[in-house]
Amino acid sequence: MTQAVSVDADAPPGRGQGHPWLTLLAVSLGVIMVMLDGTVVAIANPVIQVELKATLADLQWVTSGYLLALAVFLITAGKLGDLFGHKRVFLIGVAGFALTSLAIGLSSSIGVLIALRVLQGLFGALLQPAALALLRSAFPGEKLNMAMGAWGAIIGLSSAAGPIVGGLLVENVSWQSVFFINVPVGVAALAFGLWALRERRAKMLSRVDWLGVVLLSGAMFALVWAIIKAPEWGWGDAKTLGFLAAAVVVGAVFLFWQSKVSEPLLPLSLFRNASVSIGTVLMILMSFAMFGAMFFLTFFFQGVHGLTPLDSGLRMLPMSAGMIVASPIAGILIGKLGPKITIAGGMVISAFAMFLMSRLSVEAAFADSAIPFVLLAFGLSPVFVGATEIIVGNAPEELSGVAGGVQNSAMQIGGALGTAILGAVVSAKVADVLPGYLGPAAAAAVPPAQMEGLKALASVGQAPPGLTGPVAKTLADAAHLSFMDGLHLGFVVSTAVALLAAALALFVKAGRKTEGAPVHMG
């Protein structure tokens, strides 16, 4: 077992070091890199497919490989920050993320690109929990809500900029440029972080629970792998069920080990705080509803409406831009009203917005989607800010990195679950209604193999390419209408999940522990 080097949390800071708002700016520069990367890669995928001769499965792994590495390593990365120093781990994550971005832009084969994306996910996992822990230690308890609100606004700004920046770069420069842009951002984050961040962690020496790392990584891998592959294999397939069973078994062994080891990777006492446990579930449900539903809107804009990637990004701008305004307001409201009312109210607003999305038509104008997007911004921001503050703010400071890892893992797992489960829901609905939209004669004239291909295209809002005349119009209309039915059902499910989260938020403990006080066991 390796013993960590002690870092004195009370060492006198240098000029600028430890200043709360400079800390927020420093960690935001690093996280902006990750947020931009998450949105611009999707826009670059079609060009990558052509230039690197990638298959659809290859492109799925460009995203899934990154997601898998990120989700599996987040909690372990948070613990490493708690042990070896959050500033140190954050800066390693920033440097590694920028260097792997440079290497991806220089790669010339899809296999190398996928491998580097996995490595990039590992560095991203180092970066994110450490960023939250640095905020947790820099801001006094009474100002943490405000900091989380500003944090949410910065994430909203980078999310809003991603599709636009990515579209401009891909259309006017190259797909490589969407990765190269991380390099100057990373250099700025590294230089500013070295100056502005102050190292903070518990003075006591700790050991790395390597068996816990292996067990947790194995359980997370099996779970996320099953979620990613379930749409391809089927939820009832033996391979899917096998990986889910492995996740349960290995997870149970991990929990047993954590209850026995003297210095666990994930202290189970963290979840005795009701607000931490509920905040984790809320983050999963929020991400399920948000990312699962939003995933299909890109197909709606590009497949049904035929918009360019840049135009699609502009269509989604009201939600991302709205978060810039809504997140600071959410931080203020949580400070004044408490998390219970604010988070529950936010999820009710989100549910209403998703219900409006379930009423979108094929001919939906900009305003038809812009209004629900703005409502989503003001509904989801209180949940994101509140759940993050609940999880990280209620954890003991020596476990703030682990708590940040839990928060990020919950978001990744919720997003992966939402995308996979709602993907299955949408696909099943499309397959059910498509023959009816084709009409009995047309449906009977399509061979079974071609019908399966038509269903697959319709599930992403596309019609068969290369056809002209009345037949092409019939197939396109049927594909678009069946996709809209699937999209509507997906948003109805998201509405129900949002209402469930609103009810769960009513059980959040209103009080947050003060700095230095013991964790309230509820």
Rounded to the nearest 0.5 angstrom, the CG-CD1 distance for Leu99 and Ile104 is 11.0 Å
Pro372 and Ala353 have their tightest heavy-atom pair at O-CB, 3.5 Å
CG of Leu270 to OG of Ser277, rounded to nearest 0.5 Å, is 7.5 Å
*asked:* Main chain of Gly236, side chain of Thr240: is a donor-acceptor contact present, judged purely on distance under 3.5 Å?
replied: no
ask   = Looking at side-chain heavy atoms only, is the closest gap between Thr100 and Phe123 below 4.5 Å?
value = yes
Are Ile332 and Ile329 packed together at the side-chain level, in the sense that at least one heavy-atom pair is separated by less than 4.5 angstrom?
no
TODO: Decide yes or no for Thr280 and Phe271: does some side-chain heavy atom of the first lie under 4.5 Å from some side-chain heavy atom of the second?
DONE: yes
Before giving the answer on side chain to side chain contact (heavy atoms under 4.5 Å, CB included), spell out for Phe192 and Val94 the whole-Å C-alpha distance, their side-chain angles and the decisive distance to 0.1 Å.
CA-CA 11 Å; Phe192 193 72; Val94 167; over 6 Å; no
Paired with Val27, the side chain to side chain contact (heavy atoms under 4.5 Å, CB included) test is passed by just one of Leu127, Ile32, Leu135, Leu22, namely Leu135
Value for CG (Leu375) from CE (Met319), rounded to nearest 0.5 Å, stands at 12.0 Å
Residues Leu126 and Val89: closest non-hydrogen pair is O-CG1, 3.5 Å
Item checked: Side-chain donor/acceptor of Arg88 to backbone N/O of Phe84, under 3.5 Å -> yes
Nearest heavy-atom approach of Val425 to Val493 is CG1-CG2, 4.5 Å
All heavy atoms of Val383 vs all of Met347, minimum pair found to be CG2-SD, 3.1 Å
Minimum side-chain heavy-atom gap Leu422-Ser494 below 4.5 Å: yes
For His86 and Gly78, the nearest pair of non-hydrogen atoms, with its separation, is CE1-O, 4.3 Å
CD1 of Ile391 to CD1 of Ile278, rounded to nearest 0.5 Å, is 11.0 Å
- What do you reckon, are the aromatic ring centroids of Phe254 and Trp257 less than 6.0 Å apart? no
Inset, instruction - Decide yes or no for Ile390 and Ile343: does some side-chain heavy atom of the first lie under 4.5 Å from some side-chain heavy atom of the second? - result: yes
Give a yes or no answer on whether the side chain of Lys87 reaches the backbone of Leu197 with a donor-acceptor pair at less than 3.5 Å. yes
Margin query: Measuring only between side-chain heavy atoms, which start at C-beta, is Trp210 closer than 4.5 Å to Val214?
Written below: no
CG (Leu376) and OG (Ser350) are apart, to the nearest 0.5 Å, by 5.5 Å
Measure the acute angle between the ring planes of Trp225 and Phe221, then classify it against the limits of 30° and 60° as parallel, tilted or perpendicular. parallel
Quiz item: Taking side chain as C-beta onward, heavy atoms only, is Leu122 less than 4.5 Å from Phe97?
Solution: no
(message) Would you say that Phe378 contacts Val325 through its side chain, given a criterion of any heavy-atom pair below 4.5 Å between the two side chains?
(response) yes
### Message
Ring-plane angle category for Trp233 and Phe243, please: parallel below 30°, perpendicular beyond 60°, tilted otherwise.
### Response
parallel
Closest heavy-atom pair, Ala219 versus Val250, reported as atoms and distance to 0.1 Å, is N-CG1, 3.7 Å
Sub-3.5 Å donor-acceptor pair from the side chain of Thr495 to the main-chain atoms of Phe355, do we have one? yes
Interatomic distance, CG@Leu211 vs CD@Gln258, rounded to 0.5 Å, equals 8.5 Å
- Message: For a side chain to side chain contact (heavy atoms under 4.5 Å, CB included) check, start with the C-alpha distance between Arg117 and Phe179, then their side-chain angles and the critical distance, and finish with the verdict.
- Response: CA-CA 11 Å; Arg117 281 284 285 169; Phe179 294 100; 4.3 Å; yes
Verify side chain to side chain contact (heavy atoms under 4.5 Å, CB included) between Met357 and His488, making sure each step is shown before the conclusion. CA-CA 7 Å; Met357 289 287 193; His488 293 161; over 6 Å; no
